[in-house]
Amino acid sequence: QVQLVESGGGLAHPGGSLKLSCAASGFAFHTFAMGWLRQTPGKEIEWVSGISQGGQRTHYEDSVKGRFTISRDDAKNTLYLQMTGLKSDDTAVYFCAKAERSGWAQLDNKRQFPSRGQGTQVIVTS
């Protein structure tokens, strides 16, 4: 059974940093592309970033480019999202997501990442 458990969310000031983690289990983590999405109330879920199997390819939405860094530790079955330069617009529930199939995945297509965790709340406020 696939399990994705996010942690690391919380309160941050504008310009601050947070690091999200996603502990994965129930599947061969190292063979799947992974990603992060986020959602604010009343809005459609938004793709944030993706990382390929093996970590050689990454993708970032324009709004987070240069501020967020996605990474993975296959030995620990864990996905990360380092967030710096936080803005109030980054306030959202952040979800970890697993690609539908092992191997290659299109990293900017949230529809290829249907399995998601319960989310962790990030609030950026002064």
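Computed from heavy atoms alone, side chains included, the values below leave out hydrogens, waters and symmetry copies. This structure is a prediction, so every number in the text was calculated from the model and none was measured.
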Same hydrophobic cluster for Phe113 and Leu20, using side-chain heavy-atom links shorter than 4.5 Å among ILVMFWY? no

Would you say Phe29 and Val2 are hydrophobically clustered, going by side-chain heavy atoms of ILVMFWY under 4.5 Å? yes

Does the separation of the ring centres of Phe68 and Trp36 fall below 6.0 angstrom? no

With side chains defined as the heavy atoms from C-beta onward, is the minimum distance between His59 and Ser49 less than 4.5 Å? no

Are side-chain heavy atoms of Leu37 and Glu46 found at a separation under 4.5 Å? no

Taking the side chain as C-beta and beyond, is there a heavy-atom pair between Thr69 and Tyr60 under 4.5 Å? yes

Side-chain heavy atoms of Thr84 within contact of Ser17, under 4.5 Å: yes

Given the rule in the side chain to side chain contact (heavy atoms under 4.5 Å, CB included) test, do Met34 and Cys96 qualify, once you have shown the distances and angles that lead to the verdict? CA-CA 7 Å; Met34 299 291 295; Cys96 169; 3.7 Å; yes

Under 3.5 Å, side chain of Lys19 to main-chain N/O of Met83, donor-acceptor pair present? no

Looking at Arg116 and Glu6, is there a salt bridge between them, counting it only when a charged N and a carboxylate O are closer than 4.0 Å? no

Over-ring placement of Arg72 relative to Tyr80, 6.0 Å and 45° cut-offs: no

Any heavy-atom pair between the side chains of Val122 and Leu18 that's under 4.5 Å? yes

Minimum side-chain heavy-atom gap Arg57-Ile51 below 4.5 Å: no

Output yes when a side-chain donor or acceptor of Thr91 lies under 3.5 Å from a complementary backbone atom of Val124, and no otherwise. yes

Considering only heavy atoms from C-beta outward, does the side chain of Leu4 approach that of Phe27 to under 4.5 Å? yes

So, the side chain of Gln39 versus the backbone of Tyr94: is there a donor-acceptor pair under 3.5 Å, distance only? no

Under 6.0 Å from the CZ atom of Arg101, do we count more than 12 heavy atoms belonging to anything else shown? no

Test question: given the 4.5 Å side-chain rule for I, L, V, M, F, W and Y, name all other residues clustered with Ile123, or answer none. Leu11

Can you find a heavy atom in the side chain of Leu79 that is under 4.5 Å from one in the side chain of Ile70? yes

Hey, is the main chain of Arg111 close enough, under 3.5 Å, to the side chain of Trp47 for a donor-acceptor pair? no

Show every salt bridge (Lys or Arg N to Asp or Glu O under 4.0 Å) that has at least one partner inside residues 89-99, sequence neighbours left out. Arg38-Asp90, Arg67-Asp90

Heavy atoms from other residues, nucleotides or ligands near CD of Gln118 exceed 12 (cutoff 6.0 Å): no

Backbone N/O of Gly9 and side chain of Thr120: donor-acceptor pair under 3.5 Å: yes

Do Leu81 and Leu107 belong to the same hydrophobic cluster, where Ile, Leu, Val, Met, Phe, Trp and Tyr are linked whenever their side-chain heavy atoms lie under 4.5 Å apart, directly or via other members? no

